[in-house]
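Below: the structure, in structure tokens.
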Protein chains: 2
Amino acid sequence: MKRDGRLSAVLHALLHMAEQDRAMTSTELSMCMDTNPVVVRRTMAGLREAGFVTSDKGHGGGWRIAVDLDAISLKDIYDALGASPVLSLGVHVEHPQCLVEQAVNRALKGAFSEAEALLLERFADVTLKQLVDDYRKRAKPARHEKRS
Amino acid sequence: MKRDGRLSAVLHALLHMAEQDRAMTSTELSMCMDTNPVVVRRTMAGLREAGFVTSDKGHGGGWRIAVDLDAISLKDIYDALGASPVLSLGVHVEHPQCLVEQAVNRALKGAFSEAEALLLERFADVTLKQLVDDYRKRAKPARHEKRS
DNA sequence: CTTCATGTAACTTGATATGTTACAATATCG
DNA sequence: CGATATTGTAACATATCAAGTTACATGAAG
């Protein structure tokens, strides 16, 4: 089963936007997200509705981050993308008649919801600001290398 | 993204097998797994290779559980099915050049692996025996109702 | 030796995420 | 004002991949 890399791709785009003080066009973003401009607009639409980014038409238009970087967590972005399922695994029948299958579902669902809750907690703990800081911390030493 | 219900379906089948003292045919199992016999054989093949079930051809043939119910955990079954990914979410590029994307990947992968580890721990903690016991505990009171 | 079963390869189908085209709407620039 | 740059979005096309299906070989039991 193929994994959904949209969250990852969008975060990549957002961090690049955070490093610019101008708007970035869908075409620019499509390059760093390795897709095409229409898909970028489709994906960013959710973030716009949630108020995390703004978009402007026309000359000099494009996408900008609209809130403080430390006010957005990965969970916020995940939700804004449309809360796709976290787990590939699921139960075969949601509300089975069969008592045997009900026992299976009880066991599986317990494990599923714990794992999902943990993941979303971790997402909620990380802000875009932290990602930017992490990136900068690693990028700077590399620049020193070049200078020296 | 559609969820993979094979683990759930196979557990259902195994518990029914556990309640019988005869072999069950792929056709019988296909009914309780809500699919067709060939898919059952395909799915059970992994369990057979792992030694959890045996299959017999010919008259009176079919599938039987081959080990003690308290010697198999959900994790064992999950593994025997071919360890499909646990999470729907993944990173967009596995080993990116871009430092920004590397920072994104570090954050995501940490959260992913914690959640996955937790789920597999929980799976490892539950044996087929426990599921059977849970089922029986709930099934018996229902019979008393009928009698009284 | 017929029937009932599994084993498995090959092919078909269906669901769906992604990509693409097309064009309307709108903002900026000169 | 007209040319150009940009988003917004619907509609369509493509690719992928799991599941379903067909077909037939193999083997066991009556």
Side-chain angles (χ1 to χ4, degrees), chain A residues 1-10 13 17 20 22-50 52-66 81-93, chain B residues 1-10 13 17 20 22-50 52-66 81-93:
Chain A
M1 191 163 286
K2 218 188 158 214
R3 282 174 160 156
D4 180 356
R6 282 182 312 151
L7 178 60
S8 162
V10 152
M17 287 162 65
Q20 307 286 333
R22 57 179 185 86
M24 291 185 74
T25 67
S26 304
T27 304
E28 284 177 300
L29 293 175
S30 75
M31 284 160 177
C32 82
M33 289 170 69
D34 188 34
T35 178
N36 73 67
V38 177
V39 173
V40 170
R41 288 180 205 128
R42 217 186 257 160
T43 309
M44 299 291 282
L47 304 199
R48 185 184 47 221
E49 277 159 35
F52 299 140
V53 298
T54 54
S55 59
D56 288 301
K57 296 180 174 179
H59 243 88
W63 301 86
R64 287 171 198 272
I65 295 184
L81 282 177
S84 49
V86 167
L87 297 172
S88 305
L89 270 36
V91 296
H92 184 239
V93 175
Chain B
M1 192 164 284
K2 217 182 161 223
R3 282 173 159 156
D4 181 354
R6 283 184 311 153
L7 177 61
S8 164
V10 152
M17 288 164 65
Q20 308 284 334
R22 57 179 185 84
M24 291 184 74
T25 67
S26 304
T27 303
E28 285 178 299
L29 293 175
S30 75
M31 284 161 178
C32 84
M33 289 170 68
D34 188 34
T35 178
N36 73 68
V38 177
V39 173
V40 170
R41 289 181 203 126
R42 217 186 258 160
T43 309
M44 300 290 284
L47 305 199
R48 184 184 48 222
E49 276 159 35
F52 299 139
V53 299
T54 54
S55 59
D56 288 301
K57 296 180 175 179
H59 247 73
W63 301 87
R64 288 171 197 273
I65 295 184
L81 282 177
S84 48
V86 167
L87 297 172
S88 305
L89 271 34
V91 297
H92 185 239
V93 175

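Order of the sequence lines fixes the chain letters, A, B, ..., with proteins taken first and strands second; residue numbering starts at 1 for each chain. Note that this is a predicted model, so its numbers are computed, not measured.
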For a 4.5 angstrom cut-off between non-hydrogen side-chain atoms, does [X] reach [Y]?
X	Y	value
B/S88	A/R3	no
B/S26	B/V39	no
B/W63	B/L29	yes

Protein-nucleotide distance ([X], atom [atom1]; [N], atom [atom2]), rounded to Å:
X	N	atom1	atom2	result
A/M1	C/dT18	CE	P	13 Å
B/L89	C/dA17	CG	P	13 Å
A/R6	C/dG19	CZ	P	11 Å

Quick one: which residue pairs count as a salt bridge (Lys or Arg N to Asp or Glu O under 4.0 Å) with a foot in residues 25-41 of chain B, not counting sequence neighbours?
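Residue pairs passing salt bridge (Lys or Arg N to Asp or Glu O under 4.0 Å), neighbours aside: B/R22-B/E28.
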
Between A/S30 and A/N36, is there a donor-acceptor pair closer than 3.5 Å when you use the side chain of the first and the backbone of the second?
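Not at all, since once roles are kept as given, no pair shorter than 3.5 Å links the two residues.
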
Does any N or O in the side chain of B/S8 come within less than 3.5 Å of the main-chain N or O of A/H92, such that one atom is a donor and the other an acceptor?
yes

Might you list the N or O atoms of the protein lying below 3.5 Å from N or O atoms in nucleotides 5-9 of chain C, with each pair's distance?
| unit_1 | atom_1 | unit_2 | atom_2 | d |
| --- | --- | --- | --- | --- |
| C/dT6 | OP1 | B/S26 | N | 2.6 |
| C/dT6 | OP1 | B/S26 | OG | 2.9 |
| C/dT6 | OP1 | B/W63 | NE1 | 3.4 |
| C/dT6 | OP2 | B/S26 | OG | 3.2 |
| C/dT6 | OP2 | B/R41 | NH2 | 3.1 |
| C/dT6 | O3' | B/S55 | OG | 3.4 |
| C/dG7 | OP1 | B/R48 | NH1 | 2.2 |
| C/dG7 | OP1 | B/S55 | OG | 2.9 |
| C/dG7 | OP2 | B/R48 | NH1 | 2.6 |

Do B/R64 and B/V53 pass the side-chain contact (heavy atoms from CB on, under 4.5 Å) test, and can you show the C-alpha distance, the side-chain angles, and the key distance before you say yes or no?
CA-CA 5 Å; B/R64 288 171 197 273; B/V53 299; over 6 Å; no

Could you go step by step and tell me if B/M17 and B/M44 meet the side-chain contact (heavy atoms from CB on, under 4.5 Å) rule?
CA-CA 12 Å; B/M17 288 164 65; B/M44 300 290 284; 3.8 Å; yes

Going 5' to 3' on DNA chain D, which nucleotide is the first and which the last to come under 4.0 Å of a heavy atom in chain A?
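Result: D/dT4 to D/dA18.
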
